[in-house]
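For reference, the structure is listed below as structure tokens.
Letters A, B, ... are given to chains in the order of the sequence lines, protein chains preceding strands, and every chain is numbered from 1.
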Amino acid sequence: MAVKFKFVIMAACCIAALILAVAVGSVFIPPDQVFGVLAGKLFGFGTGPRPDPIAESIIWSLRLPRALLAFITGAGLAVSGVIMQSVLGNPLASAYTLGVSSGAAVGASLVIALGLSFFGMFTLPVFGLAFGLATVFLAVSFASMMDKNIGSFTIILTGMAFSLFANGIITLMHAFARQELQLLVAWQMGSFALKDWSHPAIMFPAALAVLAVAMVFAWDMDLMTFGEEQAAATGVDLKRAKLVLISAGAVITGVAVSLTGVIGFIDLFTPHVARKLFGARHKLVVPASALLGGCFMLLCDLLARVAAAPLEIPVGAVTSIFGAPFFIYLYFSRKTGRPFKRKRGL
Amino acid sequence: MLKVKGVSAGYNGTKVLHDISFELERGETLAVIGPNGCGKTTLLRAAANLIPFEGEVLVDGRDVRGLSRRQTAEKIAMLFQSTSINFEYTVYETVMMGRYARMARAFFPRVAEADKEAALTALDAVHMSALRDSGLGTLSGGQLQRVFLAKTLAQQPDIIMLDEPANHLDLSYQVELAGLLRDWAAGKGLTIIGVMHDINLAMHFSEKFLVLKEGRVEVLGPAGAALGGERLKSVYGMDVAGYMRETLRKWENIG
């Protein structure tokens with residue numbers, strides 16, 4: 001199947017998932033009404049009869065910003081996964097490997113445990129982002145002090161060590177702030193609930209920027225999957241490429257974690273699905289992962305909303321429950337394009 | 001073309017190479033031999049500016065440390081002893097990556113006709129054109145070796161550094177490779193340095209030898225000076241020539 005055709009089908013699936021996510025919920029709104037509201041709001045003209053103002057409010061104020069946030073977050077996390085897997089030369093790497101989520105959780109725990117409110121409703125995301133990025137920055141700085149070339153193994157090991165350290169601090173805070181524990185656990189599980197337009201408005205430029213960076217560095221990432229020396233000997237400016245790419249991946253994950261909590265697996269397995277469909281070249285894997293990640297996150301969030309209605313399941317649980325078995329199937333299936341590890345030579 | 005002047009290098013504060021110097025002109029080949037751990041690979045890494053080193057490496061009179069990575073890659077290509085392969089690229093995609101430094105750029109590299117032609121020519125040179133759409137995971141060790149050799153060729157450098165290029169290759173292809181390398185040096189004016197364990201193959205590949213022992217130059221010169229007399233005995237701690245002659249006698253007995 002031609003590459004363009006596959007992308008058209010994927011884009012169509014994304015639009016269908018978006019409409020489904022907006023239509024389905026505690027109140028079902030028929031797709032024609034969804035179209036009507038969207039056309040009216042976006043282009044200034046309505047289709048069909050004038051929609052019910054309550055339905056309009058549900059679509060425009062509740063479901064659409066939430067669905068868009070889910071899509072953009074999924075897309076951003078997936079691209080971040082592509083970046084980390086290629087830069088760290090490890091098909092199982094993700095930004096979480098570098099301690100983004102643990103660091104962000106330390107920030108969030110502080111806000112919750114101490115009842116901080118410097119930035120109003122954005123206090124938690126701001127602290128989460130700051131601590132998440134600070135952890136990555138510290139881990140990478142420490143790695144570069146230990147190893148001037150910032151080798152992948154050094155980064156992974158320091159990232160893990162910093163993550164464990166951060167987890168230790170969180171456990172300590174849990175021990176001292178038992179009443180707030182519930183809030184913290186809920187935040188860590190990740191959710192798109194109660195998000196207004198300001199959330200996708202913050203997430204969109206960040207996701208777009210990381211997508212652009214990943215496209216510009218697509219060839220560099222291709223070469224880096226073969227090992228750092230191979231890439232350097234072929235002309236890749238490793239230090240620059242690594243710093244730009246890791247920063248981009250860490251920022252998008254940090255923003256996502258701080259706005260929506262920890263949502264795992266999307267960044268890990270979406271790139272593998274994309275490789276299965278489009279081969280290994282990052283020029284295709286990056287945009288394909290963005291679309292797939294966005295679509296998958298939308299559907300997971302839809303499931304999180306409706307599966308146990310009126311209760312809502314944490315979306316992080318849904319992505320992991322569906323993602324883990326699918327990932328295992330994908331990893332061990334014997335069709336071409338499966339992720340594999342091999343060494344040429346010694 | 002390539003001047004290596006007083007190069008010393010090592011890892012984690014331990015020097016592996018000590019004060020290595022040699023010069024190669026365009027079209028010359030050099031076989032680097034020596035026992036395990038004598039610094040052969042480290043020499044290639046330093047000469048390609050992949051690790052920090054003391055001394056000087058000049059390519060066309062320019063210090064290699066003053067060149068950007070892409071400029072260096074236009075001058076020097078390297079075939080490594082081993083490569084991690086994490087994802088299933090096709091043969092053609094892998095060889096095309098050799099064009100990275102030479103691709104035209106508008107925000108990101110773009111594949112031009114010249115790049116396609118160079119990749120296909122390189123694939124043809126190593127007889128891998130028929131498998132151009134195969135995934136790397138489906139290839140044998142020898143085929144992989146040829147793919148990465150083609151990637152090195154597609155880079156169209158002035159200098160090629162090969163670390164154990166005959167790894168995994170069957171005997172006929174080893175011999176063919178040695179001939180190919182000589183032809184590329186003579187015909188295309190490439191300067192080729194080959195680190196080789198197989199001294200027989202090294203003799204087929206080059207007439208100039210650099211023998212390393214414990215990170216120092218033991219001999220630099222033609223085969224006669226490098227391999228003759230007691231020289232190799234002191235380097236390898238065994239009678240290499242005697243072993244070769246005994247092998248030959250066995251072959252003569254086989255008939």
Taking every non-hydrogen atom, the tightest pair across B/Pro109 and A/Trp219: O-NE1, 3.5 Å

Side chains of A/Met224 and B/Asn86 in contact at under 4.5 Å (non-hydrogen atoms): no

For the student: nearest non-hydrogen atoms of B/Phe108 and A/Met215, plus distance: CD2-O, 3.8 Å

B/Glu88 bridged to A/Arg275 by N-O distance under 4.0 Å: no

B/Phe80 ring center within less than 6.0 Å of A/Phe226 ring center: no

Contacting moiety of B/Arg45, where chain A heavy atoms sit under 4.5 Å: side chain

Residues of residues 63-73 of chain B contacting chain A, heavy-atom criterion under 4.5 Å, by residue number: B/Arg69, B/Arg70, B/Ala73

Residue B/Tyr173 excluded, over 12 heavy atoms near OH under 6.0 Å: yes

Interatomic spacing from CD1 in B/Ile51 to CD in A/Glu229 - rounded to 0.5 Å: 8.0 Å

Rounded distance (nearest 0.5 Å) linking atom OG1 of B/Thr152 with atom CD of A/Gln230: 7.5 Å

Options B/Met103, B/Glu74, B/Met78, ranked by heavy-atom pairs under 4.5 Å with chain A, top entry: B/Met103

A/Phe7 atom CZ: more than 12 heavy-atom contacts under 6.0 Å: yes

Smallest separation among heavy atoms of A/Ala233 and B/Gln155, with atom names: O-NE2, 3.1 Å

B/Met97 CE to A/Asp222 CG distance, which is reported to the nearest 0.5 Å: 4.5 Å

Worked check of side chain to side chain contact (heavy atoms under 4.5 Å, CB included) between B/Lys151 and A/Leu223: CA-CA 11 Å; B/Lys151 174 172 168 278; A/Leu223 279 157; 3.9 Å; yes

Distance (rounded to the nearest 0.5 Å) between B/Thr90 OG1 and A/Arg281 CZ: 7.5 Å

Heavy atoms from other residues, nucleotides or ligands near OH of B/Tyr236 exceed 12 (cutoff 6.0 Å): yes

Region of B/Met161 that comes under 4.5 Å of a non-hydrogen atom in chain A: neither

Under 3.5 Å side-chain donor-acceptor pair for A/Asp220 and B/Tyr100: yes

Geometric class of the A/His282/B/Tyr89 ring pair [parallel <30°, tilted 30-60°, perpendicular >60°]: tilted

